Amino acid sequence: MVSEKMAKALNQQIGLEAKASFLYLSMAAWCDAEGLEGCSRFMHRQADEERAHMLRIFEYMSEVDAHALTPAIEQVPHSFASVQKMFEMVYAHEQKVTKSIHDLMEIAKSENDFSTDNFLQWYIAEQREEESLMRSILDKIKLIGDSPMSLYYIDKEIDVINTAEMKKEEGE
Ligand code: FEO
């Protein structure tokens, strides 16, 4: 069992993960339309990952006899000013998710909810990795530059990163 307060907070987290999944799916479609196939593949994989993050909470809530609720998703943007701006938006969303996971952990600790505390440990590590990945991508984009000429190289770089992430996931 988890408290009502915790169940409500977990349901809010479901909403954040679902929004991330839709946002990244929208970014994948935009990248595809812009001819950025590497970026599109990266965003599709990220979107799938976020859906998996959401489902993990569904499963946990079911385990602890709480009711997971499918969230309403606010409309996400369909186009982005540039690849750099798009990744800045991803990074900002990941920071928001991290803050929200930390808030959940605070509730778990204040309620001596050891089970949810244990469940959230995975998300804390995952968020640390996600933020670090997005920061390294933004650093690369800043190095290469965001001009139309540079886009080809950025797309190639992101594709390499995506392949590495896929291999990492296969090994998990
Ligand atoms: Fe599941 Fe990247 O937040």
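Scope of the values below: all heavy atoms of this structure, side chains included, with no hydrogens, waters or symmetry mates. One-based numbering along the sequence shown. First listed ligand is number 1; within each ligand, the first listed atom is number 1. Not measured: the values here are computed from a predicted model.
Under a hydrophobic-cluster definition in which Ile, Leu, Val, Met, Phe, Trp and Tyr are linked whenever side-chain heavy atoms come within less than 4.5 Å, directly or via other members, I73 and F58 are assigned to different clusters.
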Using a 3.5 Å cut-off and no angle test, enumerate the donor-acceptor pairs between side-chain atoms of residues 22-31 and protein atoms at least two apart in sequence or in another chain.
{"unit_1": "Y24", "atom_1": "OH", "unit_2": "E94", "atom_2": "OE2", "d": "2.6"}
{"unit_1": "S26", "atom_1": "OG", "unit_2": "P77", "atom_2": "O", "d": "2.6"}

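Using modelled atom types, no side-chain atom of S100 and backbone atom of Q13 make a donor-acceptor pair closer than 3.5 Å.
Judged by distance alone, the side chains of Y60 and S115 do bring a donor and an acceptor atom under 3.5 Å apart.
Residues satisfying the salt bridge (charged side-chain N to carboxylate O under 4.0 Å, His left out) criterion with D117, sequence neighbours excluded, are K109. Listed by chain and number, the residues in a salt bridge (charged side-chain N to carboxylate O under 4.0 Å, His left out) with E129 amount to none (sequence neighbours excluded).
The set of protein atoms (N, O or S) found at less than 2.8 Å from atom 1 (Fe) of ligand 1 reads E17 OE1, E50 OE1, H53 ND1, by chain and number.
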